[in-house]
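First comes the structure, then the notes that go with it.
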Number of protein chains: 4
Amino acid sequence: MDKYQRILDAAISVFAEQGFFQSTIAQIAKEAGVADGTIYLYFKNKDDILVQFYQYKTRQIFERFRDAVGQPTTAEEKLRCLIRVHLQEFQKDRNMAIVYQAETHQNRRLGNEQIKEMSKMYRDIISEVVELGQDEGTIRKDLYMGLVKRFINGAVDEVINSWIHSGGQYDLVTMADPLVDLFIKGIGGSSEAELTD
Amino acid sequence: MDKYQRILDAAISVFAEQGFFQSTIAQIAKEAGVADGTIYLYFKNKDDILVQFYQYKTRQIFERFRDAVGQPTTAEEKLRCLIRVHLQEFQKDRNMAIVYQAETHQNRRLGNEQIKEMSKMYRDIISEVVELGQDEGTIRKDLYMGLVKRFINGAVDEVINSWIHSGGQYDLVTMADPLVDLFIKGIGGSSEAELTD
Amino acid sequence: MDKYQRILDAAISVFAEQGFFQSTIAQIAKEAGVADGTIYLYFKNKDDILVQFYQYKTRQIFERFRDAVGQPTTAEEKLRCLIRVHLQEFQKDRNMAIVYQAETHQNRRLGNEQIKEMSKMYRDIISEVVELGQDEGTIRKDLYMGLVKRFINGAVDEVINSWIHSGGQYDLVTMADPLVDLFIKGIGGSSEAELTD
Amino acid sequence: MDKYQRILDAAISVFAEQGFFQSTIAQIAKEAGVADGTIYLYFKNKDDILVQFYQYKTRQIFERFRDAVGQPTTAEEKLRCLIRVHLQEFQKDRNMAIVYQAETHQNRRLGNEQIKEMSKMYRDIISEVVELGQDEGTIRKDLYMGLVKRFINGAVDEVINSWIHSGGQYDLVTMADPLVDLFIKGIGGSSEAELTD
DNA sequence: CATGAATGAGGGTTCATTCAT
DNA sequence: AATGAATGAACCCTCATTCAT
């Protein structure tokens with residue numbers, strides 16, 4: 001593998017293990033099997049590693065999200081597919097998941113703009129899908145879109161978080177269908193219950 | 001005000017502004033209007049400030065959550081009340097909200113156990129409410145409880161996060177009712193809704 | 001006991017346990033059962049405690065040394081008595097012994113003058129005794145007095161040191177007679193001794 | 001010179017000047033002509049400098065002591081040689097002498113074990129020599145060996161101490177022969193001496 | 001390109017000393 | 001006289017970054 005990738009992977013691994021601030025360049029260099037100074041041939045500084053992680057590594061994931069919603073035709077299928085791919089990708093690369101979740105919930109940080117943009121991109125996808133559903137008639141129209149986006153984004157994030165904190169011991173992807181079910185139908189009583197209303 | 005409180009408030013304020021690791025004892029001391037050394041009369045070390053923040057400051061909030069679900073009788077009202085109080089408290093103390101959100105999503109950190117326990121407590125409340133609703137017949141029985149807890153917890157968290165990142169410019173509490181509505185009914189179109197559109 | 005003594009004793013005890021620099025005013029205050037600030041009513045500063053220790057506590061011991069050599073008449077008996085009292089006094093107050101031995105062998109220290117003066121006083125006593133012996137004809141005349149003083153002083157010190165490092169587990173005073181024997185006769189074999197063996 | 005040596009020498013020089021606890025890393029670094037941080041490339045921490053001083057610098061001296069007693073054949077010559085080399089080595093490196101004397105007489109200190117072991121090694125040499133003398137018939141058999149070792153060790157130490165405190169102004173090695181003379185013959189009047197007087 | 005020894009600014013922490021009560 | 005909370009200077013140590021090889 002090329003040295004840039006080796007360093008980036010090593011860094012994410014170390015960040016995942018210890019958190020960004022508690023990780024040292026020396027640790028990353030050792031993990032990557034290069035000298036400390038070598039890292040500065042590929043990255044401007046320590047912060048830049050995180051920035052580039054966002055720029056290159058997660059950008060590719062969001063392309064897969066785009067693909068995911070591109071294939072199905074109905075809104076529900078698009079949403080289901082998005083979430084399945086989301087969980088798949090994060091399950092596939094646990095270190096990335098850890099670093100992404102941790103850094104995304106930091107507030108004042110470098111690469112802040114990167115992260116905001118990335119989250120926005122994700123929520124834009126959700127918006128599109130939801131709007132499609134509203135056009136289809138499969139999704140309610142009396143929704144505050146800003147809230148719906150957070151609602152879905154947050155729930156998925158927390159499911160991933162739990163999986164991370166559990167040590168990644170169960171299959172994350174199996175959560176996709178039940179989760180979409182909750183998004184669509186909520187936890188409220190079934191149609192019989194509604195009929196009695 | 002009590003010096004302990006002054007320091008704790010100052011620390012949370014500084015942590016909220018810059019993040020735990022980028023905050024210095026000197027900054028906290030200055031913000032609190034005390035000497036650097038004074039902090040060590042009240043806290044064992046820098047980490048201990050965060051630990052005590054969790055132990056004393058947020059514990060009180062969770063007691064309010066308990067109160068919140070104790071008053072209403074129906075599950076839906078309990079849930080609504082819980083979320084309203086949750087948003088209220090976090091809106092009331094924005095610094096606390098920022099630090100809480102940031103640290104809760106860190107993985108490897110001191111006070112890890114504190115935080116896990118706190119999150120668990122919150123999700124236990126949700127479990128109880130949901131189970132009550134299932135007994136009432138107002139909440140579906142075909143739910144995977146572990147998932148429902150994350151679903152609600154995550155969505156609320158993300159709503160708070162968004163509010164924080166927006167700079168706290170809108171009224172967070174108004175989100176409570178629409179959010180509960182989403183939890184209960186989901187985003188799926190009900191037949192009437194579709195007809196009326 | 002008066003507070004001055006309590007503090008001085010506590011300080012010597014703490015110094016003996018941890019060494020001067022690793023001892024804190026707080027520890028001494030706690031040991032003495034007084035507040036930190038109280039110490040400064042009796043002592044100018046931390047260093048002053050050591051200085052006063054030399055001035056008051058050990059000065060009294062050296063008066064006993066004077067007494068010891070004053071009573072016997074022959075040089076050998078004076079020497080024997082001096083050393084016996086020396087070992088007795090140091091055995092009686094082990095903390096004093098530890099602090100005295102440690103600080104005496106420091107070079108650059110406050111109270112330097114105090115210590116030098118004290119050691120000189122001790123060696124002056126030895127000089128007097130040895131000179132008396134030379135007059136008596138019981139001690140050789142072909143001696144370099146400066147060396148003899150160190151010879152005796154050093155040997156006694158090291159015997160005390162060993163006792164300290166052993167944890168003070170044996171009776172130090174029993175060393176007095178064999179030690180004086182070595183001073184007087186040396187380790188060399190006398191012809192009689194060889195014949196009798 | 002090797003940077004490790006430069007730092008070690010600088011440290012011993014500063015320790016000799018000010019004592020271990022009053023010396024700062026900054027002073028040592030300045031004396032060695034390196035940056036503060038550089039010291040930590042060669043030593044684990046401040047304490048470690050002292051430990052390594054004992055491990056490397058003084059160990060070599062004790063090898064010379066071994067050589068010194070190895071060459072002569074009679075006990076007296078061995079003892080004379082040991083003490084001459086001892087004084088020589090300490091005279092040659094005054095800073096080493098100061099630090100060694102000071103730290104050896106501390107009680108509660110790091111590297112305690114190192115120091116105890118070193119002192120024991122020295123006294124073991126003395127034991128061997130004395131026992132040889134007893135076999136030869138040149139040294140009395142009615143000796144308590146534990147005391148003899150302290151007697152010799154302490155006297156030599158104090159001679160060195162005096163020389164240090166005098167500012168190293170006279171030739172220390174000339175003390176060797178008179179000192180051995182005292183060890184062997186003691187200060188007591190010999191029968192011939194008494195007769196001639 | 002790669003190295004890793006060297007740097008030195010910066011931060012957490014300690015603790016002798018003071019002083020208002 | 002006695003207290004002990006408060007102070008802040010000082011120090012050890014870390015570690016991101018540089019640069020000569």
Quickly work out the [X] [atom1] to [N] [atom2] distance and round it to whole Å.
X       : N      : atom1 : atom2 : value
B:Asp47 : E:dG12 : CG    : P     : 10 Å
D:Ile49 : F:dC12 : CD1   : P     : 9 Å
A:Phe43 : F:dC15 : CZ    : P     : 20 Å
B:Lys3  : F:dA5  : NZ    : P     : 11 Å
B:Tyr42 : F:dG4  : OH    : P     : 14 Å
D:Asp36 : F:dC11 : CG    : P     : 11 Å

Inset, instruction - Ignoring the backbone of D:Tyr40, work out which of E:dA16, F:dG4, F:dT14 is nearest its side chain. - result: F:dT14
Legend entry - D:Tyr100 and D:Phe90 aromatic ring geometry - parallel, tilted or perpendicular at 30°/60° bounds: perpendicular
Inset, instruction - To the nearest 0.5 angstrom, please state how far the CZ atom of A:Phe15 sits from the CG atom of A:Leu8. - result: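 The distance works out to 9.0 Å.
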Inset, instruction - Assess the side chains of A:Gln27 and A:Gln18: does a donor N or O sit below 3.5 Å from an acceptor N or O? - result: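 There is such a pair between these side chains.
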Inset, instruction - Would you tell me whether A:Tyr4 and A:Gln52 have side-chain atoms, one donor and one acceptor, within less than 3.5 Å of each other? - result: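 Short answer, yes.
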Inset, instruction - Look at all strands and tell whether B:Thr38 reaches a base, only sugar-phosphate, or nothing, counting heavy atoms closer than 4.0 Å. - result: base
